[in-house]
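If you read the sequence from its start, that first residue is 1, and numbering goes on from there.
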Amino acid sequence: MKVLKKIFGGINLTWLKVIILAVIMGVYTGLINQVPFLLDTSFRDLAITFEVWIFFGIFIIMNSKSNLDSGLKCFVFFLISQPLIYLVEVPFLGWSILNYYKGWILWTIFTFPMGFIGYYMKKDKWWGLFILSPMLLFLGIHYSRFLSTIIFAFPKHLLSCIFCAATMIIYAAVIFTNKKVRITGIAISCAIIIAGTVMATLNPYMYDTVVMTCDSKSEVFFDKSYKVYLSDESFGTLDVDLYEGETKEDEFYMLHAIFKREGKTDIIIEAPNGEKTVYEIDIRMHDYDIVKK
């Protein structure tokens, strides 16, 4: 707890340190986001989601000397780090990647009032919970989404999920010294974690896609009279759907899949006469590989 108290309130956070930290995080995030084998893992989440950036925002707030100091340092940190991420990615992805920064401009502007208001959490009053609670709820949404994807593809995003749950408890525990306020904050965090767990369990991530189509150029034929299924039904479900075009000639059948987890299984297309065509499919979170057996 002493270490956490030191991190959140015991550091002399000069402007130079803020700028250096912003540069380091911007460069690191841009580079780590280019590592192919880290796709869909916790290590690349900070390039997409907010949990780590919330950490740095609260870190800056708790080590600032005034509300103005807090607002300005938060603003400058994000003003440097976020565009730097995209600039680092330019050699890998081209200048068009800068278009994605547009979504961060508004967030960067908002960091000033959020840092300014967030500083009042240091007053250790009840209303400090109202300032912190939106961030706890935001983290709770992240936690639930990560948990949902873990159910689909364990252990992907496990570290991010743990990070969200842990920091929700930590923020409430270290920001406030008033015992009643601290306990209430921890209770709010626990309630959000429980709710997020229930939501993720009831609504897990599923990959909804069209695996193949049956038209004039297709190597395989199927229609509504065919049976289509996975050799291991725990991976999800398959259905034959008809795509209705503007004319009868535009219509074709699709093999529609809803996958529930990652891994390898077989797709079996069974004709009315019992003849089977089998494909092996390697399912991932956002795509798949399929080969005929």
Distance flag, aromatic centroids of Y253 and Y243, threshold under 6.0 Å: no
Check whether H157 reaches the backbone of D40 with its side chain - one donor and one acceptor, N or O, closer than 3.5 Å. yes
Can you run down the salt bridge (charged side-chain N to carboxylate O under 4.0 Å, His left out) pairs that involve residues 57-82, sequence neighbours left out, and say none if there aren't any? D69-K73
Which class fits the ring pair F50 and H142: parallel under 30°, tilted 30 to 60°, perpendicular over 60°? perpendicular
Is it true that a side-chain atom of K5 and a backbone atom of V174 form a donor plus acceptor pair closer than 3.5 Å? yes
State yes or no: do F92 and F37 share one hydrophobic cluster built from I, L, V, M, F, W and Y residues joined by side-chain heavy-atom distances below 4.5 Å, directly or via other members? yes
Taking side chain as C-beta onward, heavy atoms only, is L31 less than 4.5 Å from V88? yes
Applied to residues 262-293, the ring-ring contact (aromatic ring centres under 6.0 Å, His included) test, sequence neighbours excluded, yields none
Tell me if a side-chain donor or acceptor on D241 pairs with a main-chain N or O of M254 at a distance below 3.5 Å. no
Sequence neighbours left out, what passes side-chain hydrogen bond (donor to acceptor under 3.5 Å, both in side chains) with T197? Give chain and number order. Y143
Side chains of I58 and F8: closer than 4.5 Å at any heavy-atom pair? yes
Quickly, which of F56, F55, W15 forms a ring pair (Phe, Tyr, Trp, His ring centres under 6.0 Å) with F77? Name it, please. F56
For G26, is there any backbone N or O sitting under 3.5 Å from a side-chain donor or acceptor partner on T29? no
Do the side chain of S70 and the main chain of S64 share a donor and acceptor less than 3.5 angstrom apart? no
Using ring centroids (six-membered ring only for Trp), state whether F163 and W53 fall under 6.0 Å. no
List for me each residue that meets salt bridge (charged side-chain N to carboxylate O under 4.0 Å, His left out) alongside D289, sequence neighbours excluded, and say none if there are none. R284
Any side-chain heavy atom of P155 within less than 4.5 Å of one from I150? no
is_close_aromatic(F152, Y205), centroid dist under 6.0 Å: yes
Side chain of S81, backbone of M25: donor and acceptor closer than 3.5 Å? no
Side chains of L93 and V90, heavy atoms from C-beta outward: is any pair under 4.5 Å? no
Can you list every pair that meets side-chain hydrogen bond (donor to acceptor under 3.5 Å, both in side chains) and has a residue in residues 120-138, with sequence neighbours left out? N67-Y120, D124-T177
Looking at residues at least two apart in the chain, or sitting in another chain, which of them share a side-chain hydrogen bond (donor to acceptor under 3.5 Å, both in side chains) with Y171? none
side-chain hydrogen bond (donor to acceptor under 3.5 Å, both in side chains) partners for K292, two or more places apart: none
Compare all side-chain heavy atoms of I54 with those of F59 and state whether any distance is below 4.5 angstrom. no
Quick one: does any side-chain atom of S144 pair with a main-chain N or O of G140 as donor and acceptor, under 3.5 Å? no
Could you tell me whether the side chain of T277 reaches within less than 4.5 Å of the side chain of F221, counting heavy atoms only? no
Nearest 0.5 Å, please: how far is CD1 in I281 from CD1 in I283? 5.0 Å
If you look only at pairs with a residue in residues 221-232, which of them pass as a side-chain hydrogen bond (donor to acceptor under 3.5 Å, both in side chains), with sequence neighbours excluded? D223-S225, Y229-E270, S231-T265, D232-S234, D232-R261
Any residue meeting salt bridge (charged side-chain N to carboxylate O under 4.0 Å, His left out) with E262, in chain and number order, not counting sequence neighbours: K156
Please collect all side-chain hydrogen bond (donor to acceptor under 3.5 Å, both in side chains) contacts where either partner lies in residues 159-170, sequence neighbours excluded, each pair once. S42-S160, D45-S160
Closest contact, heavy atoms only, I80 versus L84: O-CB, 3.2 Å
Taking the side chain as C-beta and beyond, is there a heavy-atom pair between F252 and L242 under 4.5 Å? no
For E280, what residues pass the side-chain hydrogen bond (donor to acceptor under 3.5 Å, both in side chains) criterion, not counting sequence neighbours? none
side-chain hydrogen bond (donor to acceptor under 3.5 Å, both in side chains): which pairs involve residues 107-117, sequence neighbours left out? none
